[in-house]
Every structure is written in C-alpha cells, then in structure tokens.
2 protein chains.
Amino acid sequence: MTSHIHCQNCSMATLCLPYQLSPEQTEKLDTIIQRHRPLQKRDVLIHSGEPLKFLYAVRSGSLKSYTLDGQGGEQIIDFHLPGDLIGFDGLIDGQYRSYTQALETTMLCEIPIQSLDQLSAELPGLRKQLLRVMSGELHASKTLLGNLNHHTAQQRLANFLVTLSSRFQQRGLSSREFRLSMTRADIGNYLGLSVETISRLLTQLQQQGLLTVQNKLVAINEPERLRALAA
Amino acid sequence: MTSHIHCQNCSMATLCLPYQLSPEQTEKLDTIIQRHRPLQKRDVLIHSGEPLKFLYAVRSGSLKSYTLDGQGGEQIIDFHLPGDLIGFDGLIDGQYRSYTQALETTMLCEIPIQSLDQLSAELPGLRKQLLRVMSGELHASKTLLGNLNHHTAQQRLANFLVTLSSRFQQRGLSSREFRLSMTRADIGNYLGLSVETISRLLTQLQQQGLLTVQNKLVAINEPERLRALAA
DNA sequence: CGTCGCGTTGAATCGCGTCAACTTCGGTGG
DNA sequence: CCACCGAAGTTGACGCGATTCAACGCGACG
C-alpha cells in the first residue's frame, strides 16, 4: 500500500483536474498528488490566514467553507462535494481566505500549489482546466448571488435543493433522493435565513407533496414543480 | 495615431494584467492587446451566450454586468471600474455568461483569449497574474455574498459605499468624494433592495452627518463611522 | 414648454426574524 | 441494552424592517 492515489481510477476525475487530459498527462499529474489523511466530522482542514500550500480535491464526504465576521459568527460561503476543488480563492495573496470544516468523514487529495504551477507550464490542457474550474466557481458564485438577492425564502430553499440535486447527479448519484450532510442551521446560514424558516419551509414543501423529508434524508417527488418554485 | 495602445503608459497597469511583468514581458503583452471603440452610455458590450473571444480591460468609465431572470428582469452581479477585467466567468464553456453595459462613456482594451493563452505558456508571470486576478474576483464575489446575507439594508449600503471608496482609492482617485455612475435602481438591484430603500437610507446617512449626497455625487464625511456601520 | 427618466417621501402591508416551549435524534456511559 | 443528556429540529405567537403602492419634485432633452 502506497500513499499515492491514482487519478486514473478516481471516479471523480471527470469533475476534477484530470478532465480532458490524456493518460500520459494524467500520469504526470498523478506524481504530484498525495492522499490526505481522512477527516472526521467537525475536523477543520483549513484555517483562514494560513499560507496556501495545497489545493484539496474532495474524494468522498463533504465540507463547508466559512468566514468569521466581527463577532465571531460563521458566514457559510460554500459546501463542497466529491470532485470539488478547495482553495482557489486564496491564490490572490497566497493565504487561505476561509475556514473549511468536514461535515462528515471525508477523504481528500492534496495538490501542492508549486508543483501544480510548474506542471501547468508543460501541459496546456492542465492550464486550461485550471482556468475552467476557477471560471466555473466564479460563475457559480455570481449565480448564487443573483439567486439570493431578490428571492423569497421559498425560492432560495427550492433553488438550493435543485442545485444540490443536480450536483449529485453530476457525481453519478441519485438526483431524486439524497442526504443533507449539513444541519438546518448551516443551510439557513448559507441562504441568509433563520433555522426556523428552513424548518417551516421543508414542512410546507412536504405538505404540498413536492418533497418527502425524513431527518437528513430528502426525496424530491416533483422535480418540475420544485424547479418552477426556484425560478 | 495607431490603434495600438501601450500597457507601459497605462495608469491602470498595476491593477491589470501587466502587474509584476518586466518591461520586455509587458511589451510582448502589448502586441496582442487592441484598443476597443469607445462605448457610449447604455451601449451593450457583451451579450450573454455569445462566444467568448476577448477579455476586456476597462481603461476609463464604468459598466455593469447582469443576467436576465425568467421574466426578463435584470440581476446586476457586478460593477466594473477602470483596471477591472471582464469576461472571466465565461472561460468555463467559451461563452459569455452575462450582459455587460456601459454606465457612461467608456474606453476599453480588448484581449484575444487565444493569444493570451499562448502567451501565458511563455510567461509564468502572466500565468500567475491571470490566476491571481481570477482568484481575487472569486474572493470578492464570496465576500459580497457574506455581506448581503445576514445584513440589514443599512449595513449593505454602507458596505457598498466603503467598498466603492476603497476601489477608487486603489485607482488613485479620492476615497472621500466620488460619483455614482449607476442609478439608485442599479444599486438597489445589486444589493437586493428596493429603490425606495436606497433613497431613504442615503437621506438618513446624510442626516446623521456621515455623508453628503448631491444627486450622483457622494462625499464621505466620516469614513470611520461608515465603516463601523458596514460591519 | 411638455415629456420622460430618475429620485424622494409617505402610508399601508407582509414576509421573515426573534423569542420561547417543546420534541426528537444521536451519541455516551453505566 | 437501555437511560441519559445535549444537540438538532419543530412549531406557535409576536414584532419589526423592508417592500409595495402611490403621489410628487426635479433636471435633461427634444
């Protein structure tokens, strides 16, 4: 058993850096990537302000990223699922810009920034993919912004669920039924709503027959109507 | 007079791509950059969905970027000032992802994506700067998200003014006194507030002696207290 | 001089947050 | 294995901040 892992066998490869790299190129990428020790629930992977040495790729599990406001309150800015890359917003000044914490047992790959930079000089495909991933994050972030502004609590939650559903689908999981690894409070924080509102809305959507909610398990019964609410 | 411009003489160079490039490297960058025809107020530079051929750098003036929701309503996601680069969120799939419209007479540089990609293979500094600029946008966007969520109308507006003020300062302009090239409606749209609320808040901040507002002209009398409100 | 876009101000309404009480879940130790 | 305890989630009553609707002022421009 080695501490190396192999992008070639990784089910998340199509979402992650090796996307559109040739087998030989992927092999090169492989040489700089290490497996990170597994995280347990509530373990903190990244502390804001630390020097940026690695990007992380999620292999399994999930995490949340947040900043702290003046009074020490969390501001959740992202949830990370398998295939996601973490750390891009720190490239600007070589420091991580947020805290990142595991929501459940989580496996990660560790990608040294410096090696990545050197390697991307050789591989135009990798360079493009780096830009593509960042561009995607940027777009997602700006879309989210538009989705929070100008939208009611119901629209926000519906949109959150629809987005989550499609992210699970991209990862080869069910888009109809999934587990919310974050708490209601996390969801509320992320959407700028109170816990109580989240709870009430979930009950309400269930009463309307759109969802079936059982603790952390959500089943979307009527994707169409839910998507319509998210508009 | 040539259609070429020169990054060497551009006052925005420190904010833009040539940042930290050597004179020779900047010269190379120069060869691929063209001046774009000036835009008049309300001219639309970019239509969402068009193929991405250029990044644009703002030389003077200002613009807003927005998406359209289902009912054709604008969702303003960004204001662009001199030195800003426009178009990054489209790299993911080779299409512009939003509309971009001039708020006043505006001068731009036009940077062909393809040449930029080729050139960045040669110049590690350019590659780094590209990532830095995107990372900065990403960070700004996530910060903004945190600033809208969980904040009152007053906090949002105060934060908007403080951010704008520091952006003007970075550009060598006064941080105390500046002109809002966007309408109140634009500001409200951007912050997720109604026009009326923006108007009321500006009056209120003026009555408290923090600001002096005269149509589009804003003077910040008490930067400290304003920053405190933005918390 | 009239029109149109933009901005301001007032009054009524409502969505969501806050506070509080209670229930359920999940982990821990006896 | 069950009892216990704290964390997480639910539900109801109430209040406030921001939206909405409406009227009006003002400057730019034909």
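By convention in this document, chain letters (A, B, ...) are assigned in the order of the sequence lines, proteins followed by strands, and residues within each chain are numbered from 1.
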To the nearest Å, give me how far apart [atom1] ([X]) and [atom2] ([N]) are.
{"X": "B:Gln204", "N": "D:dA18", "atom1": "CD", "atom2": "C1'", "result": "12 Å"}
{"X": "B:Leu202", "N": "C:dC6", "atom1": "CG", "atom2": "C1'", "result": "13 Å"}
{"X": "A:Leu193", "N": "D:dT10", "atom1": "CG", "atom2": "C1'", "result": "16 Å"}
{"X": "A:Ile187", "N": "D:dA8", "atom1": "CD1", "atom2": "C1'", "result": "12 Å"}
{"X": "B:Leu217", "N": "D:dG27", "atom1": "CG", "atom2": "C1'", "result": "15 Å"}
{"X": "A:Ile198", "N": "D:dT11", "atom1": "CD1", "atom2": "P", "result": "14 Å"}
{"X": "A:His150", "N": "C:dG15", "atom1": "NE2", "atom2": "C1'", "result": "17 Å"}
{"X": "B:Gln40", "N": "D:dC29", "atom1": "CD", "atom2": "P", "result": "13 Å"}

Checklist entry - Is it true that B:Lys142 and A:Glu137 make a salt bridge, defined as a side-chain N closer than 4.0 Å to a carboxylate O? => result yes
Checklist entry - Any donor-acceptor pair under 3.5 Å joining the side chain of A:Gln154 to the base of C:dC16? => result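 Checked by distance alone, the answer is no.
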Checklist entry - Can a donor-acceptor pair under 3.5 Å be found between the side-chain atoms of B:Arg200 and the base atoms of D:dT20? => result yes
Checklist outcome for this item: Note: A:Gln206 and A:Val213 closest approach over all heavy atoms is NE2-N, 3.1 Å
Tell me whether the OP1 or OP2 atom of [N] has a side-chain N or O from [X] closer than 4.0 Å.
{"X": "A:Thr183", "N": "D:dA7", "answer": "no"}
{"X": "A:Thr197", "N": "C:dG15", "answer": "no"}
{"X": "A:Lys216", "N": "D:dA8", "answer": "no"}

Determine the contact category for [X]: base if any of its heavy atoms lies under 4.0 Å from a base atom, sugar-phosphate if only primed atoms, P, OP1 or OP2 are that close, otherwise nothing.
{"X": "A:Ser194", "answer": "base"}
{"X": "A:Asn215", "answer": "sugar-phosphate"}
{"X": "A:Gly192", "answer": "sugar-phosphate"}
{"X": "B:Ser199", "answer": "base"}
{"X": "A:Arg156", "answer": "nothing"}

Next on the checklist: Tell me if the centroids of the rings in A:His36 and A:Tyr56 come within less than 6.0 Å of each other.
Outcome noted: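 Here the rings of A:Tyr56 and A:His36 have centres that are less than 6.0 Å from each other.
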Item to check | CZ (B:Phe168) with more than 12 external heavy atoms under 6.0 Å | outcome: yes
Checklist entry - Should we count NZ of A:Lys216 as having more than 12 external heavy atoms under 6.0 Å? => result yes
Given [options], the nucleotide with the shortest approach to the side chain of [X]:
{"X": "B:Ala153", "options": "C:dG7, D:dA18, D:dG9", "value": "D:dA18"}
{"X": "B:Thr152", "options": "C:dT9, C:dT18, D:dA18", "value": "D:dA18"}
{"X": "A:Glu196", "options": "C:dG10, C:dC6, D:dT11", "value": "D:dT11"}

Next on the checklist: Out of the candidates A:Leu138, A:Asp84, A:Leu85, only one should pair with A:Val133 under the side-chain contact (heavy atoms from CB on, under 4.5 Å) rule; please name it.
Outcome noted: A:Leu85
